[in-house]
Amino acid sequence: MSTSPKAAVLPLDENRANPFGPSLLEHRTAQAGFTELGCWFMDFTESGHADAWTLEYEESVYVIQGQALLRIVTDGAEEEIAGAAGELIALPKGTTVRYGGTAGTRLLLSMAPVNWRELAAAKTEAPNAPRVLFLTPFHFDKPEHDDEFDAVLASMFDGQGDQSVTARHVERFESGGGDYDTTQTQAVLTAVERANAEGTFDAIVIACHYDPAVREAREASRIPVVGPLQLTTALATQFGPKFAVVTDLPEAVPVIRGLIDDYGRGTECAGVTAIGWEGDAILEDPRGAAEAVDRIVADLAAAGEAQSVVIGCTIVSAAYERYRHEFPDRGVVVLNSNLVTVKGAAALAAN
């Protein structure tokens with residue numbers, strides 16, 4: 001299922017406006033799914049400067065209103081460039097800049113290529129290494145946690161095998177009182193089509209153990225699309241006849257249990273248990289969440305029914321892996337669900 005390119009007017013989306021120093025930064029062309037050009041509006045709510053940032057791309061800064069006060073950092077020294085309304089400032093690749101302006105200033109930042117992170121990763125990866133997109137199909141209540149989670153995942157995957165992994169979220173969406181699943185499916189399909197168009201990935205993981213929109217994404221994709229729950233529960237049976245699942249919230253339990261039944265593994269599942277933590281709280285206290293997982297693992301080991309445990313939530317799995325080394329061996333296999341899924345996707349890409 002593909003869509004033809006369409007011209008569109010892109011409205012303001014306050015959900016994409018995030019704090020950046022004394023300004024709010026909104027990635028306007030994210031709505032269009034552009035793979036080469038990116039445009040941001042930067043609105044200064046107060047006078048001042050952001051922290052230094054080094055450009056890995058070419059950028060222009062157009063001053064819509066107010067006064068831009070960009071500080072260019074060279075060998076520790078700063079030189080300020082002022083731009084008035086109607087002026088355009090050109091920043092070459094490699095420039096280290098502190099964006100600044102007076103209160104009320106509005107800037108339009110245009111950069112290319114917008115997918116510079118993926119291109120940089122492709123240059124440093126091992127020859128013929130599978131390139132996996134770890135696509136998170138939801139958003140945290142706190143927008144800053146999206147980037148934080150992606151950074152946690154990137155650090156976790158670094159050096160874990162020959163595959164290269166890019167962690168990314170679908171574009172922020174709101175159901176607007178409508179059907180959340182339908183809106184999420186469309187966001188996933190848009191991201192999958194974008195990934196296929198970029199041509200820099202060999203496989204995609206829909207990084208949620210609800211396996212949302214996996215079937216539709218497979219139909220829309222030229223490259224393999226993996227659902228974490230489907231893959232990890234299949235692999236878990238290699239460690240013994242029974243597995244258990246640990247997830248985040250109680251409301252996730254019947255959903256995951258239903259999916260396991262749909263996958264034909266209901267008789268192999270010893271149960272699904274929630275730690276009772278929501279995503280933002282897990283990011284803010286990953287140790288506490290990991291300890292909650294370990295307590296459940298200890299109970300499962302004592303019960304003696306399951307030989308392996310699947311962490312059925314990407315956020316919970318990331319938290320547990322940060323502190324796994326601090327917990328005793330409970331006598332059951334606890335799968336690194338995020339890494340298992342990535343390696344599975346890489347294996348599919350190699351065929």
Side-chain angles (χ1 to χ4, degrees), residues 129-137 148-168 203-211 224 226-240 242-248 252 256 259-260 263 265 268-270 272-275 277 279 282-283 286-301 306-350:
R131 301 161 299 178
V132 179
L133 172 61
F134 199 79
L135 180 67
T136 298
E148 181 179 338
F149 185 52
D150 288 344
V152 168
L153 292 169
S155 176
M156 178 180 301
F157 294 138
D158 186 35
Q160 297 292 327
D162 293 334
Q163 72 282 335
S164 68
V165 185
T166 298
R168 179 193 293 175
I204 301 170
V205 173
I206 308 299
C208 171
H209 282 72
Y210 280 18
D211 291 354
V226 172
L229 185 68
Q230 186 177 35
L231 179 63
T232 53
T233 52
L235 291 176
T237 59
Q238 304 306 305
F239 296 99
K242 290 280 191 175
F243 64 85
V245 179
V246 178
T247 189
D248 53 352
I256 290 176
L259 285 170
I260 291 171
Y263 295 149
R265 302 202 174 277
E268 299 162 340
C269 180
V272 182
T273 308
I275 64 171
W277 290 51
I282 295 171
L283 273 189
R287 181 187 294 275
E291 290 172 347
V293 172
D294 181 60
R295 288 192 292 271
I296 294 173
V297 172
D299 290 342
L300 290 168
Q307 293 77 46
S308 62
V309 177
V310 171
I311 308 296
C313 170
T314 54
I315 313 170
V316 176
S317 180
Y320 179 77
E321 291 307 321
R322 291 178 66 176
Y323 300 100
R324 174 197 284 260
H325 64 282
E326 298 183 7
F327 304 131
D329 184 353
R330 300 297 186 183
V332 294
V333 176
V334 181
L335 276 70
N336 183 338
S337 300
N338 291 340
L339 185 59
V340 165
T341 307
V342 163
K343 287 187 172 293
L348 290 172

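- With contacts defined as side-chain heavy-atom distances shorter than 4.5 Å, the pair Val309/Tyr320 does not qualify.
- In this structure a side-chain-to-backbone donor-acceptor pair under 3.5 Å is missing from Ser308 to Val333.
- Side-chain atoms of Leu259 and Thr233, non-hydrogen and from C-beta on, never get closer than 4.5 Å to each other.
- For the residue pair Ala252 and Thr247, the shortest heavy atom distance occurs at CB-OG1, 3.8 Å.
- The two residues Ile296 and Ala274 come nearest to each other via the heavy atoms CD1-O, 3.9 Å.
- Taking SG of Cys313 as the start and CG of Leu229 as the end, the distance is 11.5 Å to the nearest 0.5 Å.
- In this structure a side-chain-to-backbone donor-acceptor pair under 3.5 Å is missing from Asp248 to Ile315.
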### Derivation of the side-chain contact (heavy atoms from CB on, under 4.5 Å) call for Val132 and Phe157
CA-CA 11 Å; Val132 179; Phe157 294 138; over 6 Å; no

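- The OG1 atom of Thr166 sits 10.0 Å away from the CG atom of Asp150 when rounded to the nearest 0.5 Å.
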### Message
Apply side-chain hydrogen bond (donor to acceptor under 3.5 Å, both in side chains) to residues Asp294 and Tyr323 and explain how you reach the verdict.
### Response
CA-CA 10 Å; Asp294 181 60; Tyr323 300 100; over 6 Å; no

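- Asp299 CG to Arg330 CZ: the interatomic distance, rounded to the nearest 0.5 Å, is 9.0 Å.
- Taking each heavy atom of Val293 and Ile311 in turn, the nearest pair found is CG1-CD1, 3.7 Å.
- You'll find the side chain of Val297 stays beyond 4.5 Å of the side chain of Phe327, heavy atoms only.
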### Message
As a quick check of understanding, evaluate side-chain contact (heavy atoms from CB on, under 4.5 Å) for Met156 and Leu339, giving each step before the final call.
### Response
CA-CA 8 Å; Met156 178 180 301; Leu339 185 59; over 6 Å; no

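- With contacts defined as side-chain heavy-atom distances shorter than 4.5 Å, the pair Ile204/Pro224 does not qualify.
- Side-chain contact between Asn338 and Phe134 is present, with heavy atoms from C-beta onward closer than 4.5 Å.
- Looking at heavy atoms from C-beta onward, Ile282 lies in side-chain contact with Val316 at the 4.5 angstrom threshold.
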### Message
Checking Leu153 against Val165 for the side-chain contact (heavy atoms from CB on, under 4.5 Å) test, could you report, in this order, the C-alpha distance in whole Å, the side-chain angles of both residues, the deciding distance, and whether it holds?
### Response
CA-CA 9 Å; Leu153 292 169; Val165 185; over 6 Å; no

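- Looking only at distances, no side-chain donor or acceptor of Ser155 sits under 3.5 Å from a matching main-chain atom of Ala151.
- Heavy-atom minimum distance, Ala345 versus Val205: CB-CG2, 3.8 Å.
- Using a 4.5 Å heavy-atom cutoff, the side chains of Tyr210 and Ile256 are in contact.
- In this structure a side-chain-to-backbone donor-acceptor pair under 3.5 Å is missing from Arg265 to Thr237.
- Taking CG of Leu300 as the start and CZ of Arg295 as the end, the distance is 13.5 Å to the nearest 0.5 Å.
- Residues Pro286 and Ala319 approach most closely at O-CB, 3.7 Å, considering heavy atoms.
- The heavy-atom pair separating Pro137 from Ile206 by the smallest distance is CG-CG2, 4.0 Å.
- Proximity of Thr136 to Cys208: side-chain heavy atoms (C-beta onward) are nowhere separated by under 4.5 Å.
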### Message
Between His209 and Thr232, is the side-chain contact (heavy atoms from CB on, under 4.5 Å) condition met? List the steps.
### Response
CA-CA 9 Å; His209 282 72; Thr232 53; 4.1 Å; yes

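- The CD atom of Gln230 sits 11.0 Å away from the CG atom of Leu235 when rounded to the nearest 0.5 Å.
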